[in-house]
A.B. asks: 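Pasting a structure here, questions to come.
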Amino acid sequence: MSANIAELEKRRAGAKMGGGQRRIDAQHAKGKLTARERLEVLLDEDSFEEMDLYVEHDCIDFGMQEQKIPGDGVVTGSGTINGRLVYVFSQDFTVFGGSLSARHAQKICKVMDAALKVGAPVIGLNDSGGARIQEGVASLGGYADVFQKNVLASGVIPQLSLIMGPCAGGAVYSPAMTDFIFMVKDSSYMFVTGPDVVKTVTNEVVTQEELGGAITHSSKTSVSDLALENDIEALLAAREFIDFLPASNRDEVPERPNADPWDRLEPSLDTIIPPSANQPYDMHEVIRKTLDEGEFFEIQPLHAGNILCGFGRIEGKTVGIVANQPMVLAGVLDINASKKAARFVRFCDAFNIPIITFVDVPGFLPGTDQEHNGIIKHGAKLLFAYGEATVPKITVITRKAYGGAYDVMASKHLRGDLNYAWPTAEIAVMGAKGAVEIIFRGLDADGIAAKTKEYEDRFANPFVAASRGYIDEVIYPQSTRKRIALGLRKLRNKNLENPWKKHDNIPL
Ligand code: HXC
């Protein structure tokens, strides 16, 4: 071996030890993988090509000139997932706690630039103590550079963040601007200020987990889309997830052929709607029976369960699913459900992913809590998102489509391309009893019952809407998959553009 090659090998081996064996052991003792081990799980075998292995910080304060570790706390480069190109950065907690220096930020920006240039997703594995304290403002500037890249990349390439350790201060805002966040239970947390500062300022005593752990952010705040058990589960979920996404906004949705017949009938759907309008059923079943091989990748399953969002495939091609869930709060639209679905619809629209909407919605949730917290503004987000979306939109009303929520849920009036209803659909301003009590105020109980029956006979069906052309066809529930597959084939070359604008002004 020549001396040059030997030198290269020595440098590579040294750099790959990060902060040294003691810190690697400490990382393992916390149940965490190292930055490089994580990339091995995330990427196809031997596909990782590293960049900037020898980058070092240039800080000369606090004795930092004596402490230089090649790579400076973040491993960056590209690789493939099931053969498709992705760019990655993986913060190395064994090097200065994965904290972000100016050079560390520069490496992340370089990867993002490379991904933007060719149109490929960026996956960030975050495990960082935040701004590199010794560097001061240089580190803050580095964060801002990353934030700016996140903004410019938004809607151009998919950005996925995995939170696999601490994420404090500035470290939370870059993930927050990416499209999806997956967190690892018990070992990851995100907060702007940690429990100590919280105690000092507000006197509240709270654990890291309660303040910003995976469950808090996946159920309460919706900052996170999924909470996974450990590093390996999170990385495997990311592999599965990225398979659904196009590489960029100029790319087609990926295709993963499978053996599920496109025209498979599901007779069990003909009887899934219970006899009583107040009885729930599980919308997951409708979704699974419609999608290829029953595979549904649900996001935010622990937050706003009254609406379901996630990805699946029809004829091997990705579709986005939005569905009211009668099992939770009768599928009502509230603030959280509106925000959750609006963001999902916008992601699908940005990345050319057709949207399939299953509707069973009794309306918007009434009450002072909702009104005073801005259901008008938040409900408008979903209305706006559906209204601006130009991707193929196919809607299936399975049961209730009442009031404003009928309009919102990808109705014909919001440029739904194909609007189907099951024979069990009820499309009306509100439920029959409520309607009668308003328009026939003062009637006795018998009178109310009679008028309720009359209202039900008139409106508790899909045919009034169909007679106006608001519903394209009343379909057999068992044929739902087939009708959607046929519809998507027809809509493959859909070409619809909104008027030119700099950008819209969605009610934030
Ligand atoms: C430099 C850091 C560091 C940091 C940790 N380290 N955070 N070095 N800058 N921000 C180093 C430690 O000195 C230590 O070095 C090693 O990383 C591991 O840290 P430990 O504290 O031993 O680990 P642990 O007990 O697991 O605690 C992890 C931690 C804690 C919770 C992240 O280190 C911590 O609270 N760090 C500070 C967090 C913080 O306040 N960051 C600044 C946020 S402000 P050795 O040599 O011992 O291994 C911010 C502003 C940006 O980010 C705003 C932009 C908008």
Side-chain angles (χ1 to χ4, degrees), residues 17-35 38 55-75 89-109 124-151 161-178 183-201 206-214 216-217 223 231:
M17 285 305 288
Q21 195 59 48
R22 181 178 61 81
R23 292 190 181 90
I24 292 175
D25 293 343
Q27 179 86 345
H28 287 158
K30 289 181 199 154
K32 292 160 67 179
L33 299 177
T34 66
R38 286 170 176 162
V55 165
E56 294 174 344
H57 69 75
D58 57 2
C59 178
I60 51 169
D61 293 308
F62 303 104
M64 285 297 276
Q65 66 274 31
E66 313 301 331
Q67 304 177 54
K68 296 209 176 196
I69 298 178
D72 205 28
V74 62
V75 182
F89 66 87
S90 180
Q91 291 179 311
D92 186 348
F93 191 79
T94 72
V95 178
F96 309 118
S99 58
L100 185 132
S101 66
R103 289 276 190 266
H104 177 130
Q106 180 187 305
K107 286 181 67 173
I108 293 175
C109 290
L125 311 183
N126 295 267
D127 190 355
S128 168
R132 177 91 44 90
I133 293 166
Q134 297 89 333
E135 285 204 9
V137 70
S139 157
L140 299 185
Y143 262 128
D145 291 340
V146 176
F147 301 156
Q148 181 67 68
K149 296 277 178 217
N150 289 132
V151 173
S161 299
L162 271 64
I163 313 297
M164 314 189 83
C167 221
V172 299
Y173 280 112
S174 172
M177 285 194 289
T178 62
M183 289 183 77
V184 180
K185 287 184 197 165
D186 302 324
S187 62
S188 77
Y189 48 86
M190 299 175 77
F191 33 67
V192 175
T193 54
D196 293 345
V197 179
V198 170
K199 169 118 189 11
T200 310
V201 177
V206 64
T207 63
Q208 288 186 339
E209 197 58 33
E210 284 164 354
L211 187 63
T216 299
H217 282 313
V223 164
D231 279 15

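Atoms considered below: every heavy atom in the structure, side chains included; atoms not considered: hydrogens, waters and symmetry mates. Atoms within a ligand are numbered from 1 in the order they appear, just like the ligands themselves.
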A.B. asks: Starting at NZ of K68, measure out to CZ of F96 and round the result to the nearest 0.5 Å.
C.D. replies: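 The distance works out to 9.5 Å.
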
A.B. asks: Indicate whether the side chain of Q91 and that of H104 have a donor and an acceptor atom separated by less than 3.5 Å.
C.D. replies: yes

A.B. asks: Looking only at the side chains, is there a donor atom on one of S139 and S101 sitting less than 3.5 Å from an acceptor on the other?
C.D. replies: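 Short answer, no.
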
A.B. asks: Would you please name every residue forming a side-chain hydrogen bond (donor to acceptor under 3.5 Å, both in side chains) with T34, sequence neighbours left out?
C.D. replies: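 E37.
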
A.B. asks: Under a 3.5 Å threshold, I'd like every N/O contact between ligand 1 and protein atoms, with atom names and distance.
C.D. replies:
from: ligand 1; atom 1: 9 (N); to: I133; atom 2: N; distance (Å): 3.1
from: ligand 1; atom 1: 10 (N); to: G129; atom 2: O; distance (Å): 3.1
from: ligand 1; atom 1: 10 (N); to: A131; atom 2: O; distance (Å): 2.8
from: ligand 1; atom 1: 17 (O); to: G97; atom 2: N; distance (Å): 3.0
from: ligand 1; atom 1: 26 (O); to: K30; atom 2: NZ; distance (Å): 3.2
from: ligand 1; atom 1: 41 (N); to: G129; atom 2: O; distance (Å): 2.6
from: ligand 1; atom 1: 46 (O); to: R23; atom 2: NH2; distance (Å): 2.9
from: ligand 1; atom 1: 48 (O); to: R23; atom 2: NE; distance (Å): 2.7
from: ligand 1; atom 1: 48 (O); to: R23; atom 2: NH2; distance (Å): 3.4
from: ligand 1; atom 1: 52 (O); to: A131; atom 2: N; distance (Å): 3.0
from: ligand 1; atom 1: 52 (O); to: G170; atom 2: N; distance (Å): 3.0

A.B. asks: Mark yes when over 12 heavy atoms from residues, nucleotides or ligands other than F147 sit less than 6.0 Å from its CZ; otherwise mark no.
C.D. replies: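 Count over threshold, so yes.
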
A.B. asks: Got a salt bridge between K107 and D72, using NZ or NE/NH1/NH2 to carboxylate O under 4.0 Å?
C.D. replies: no

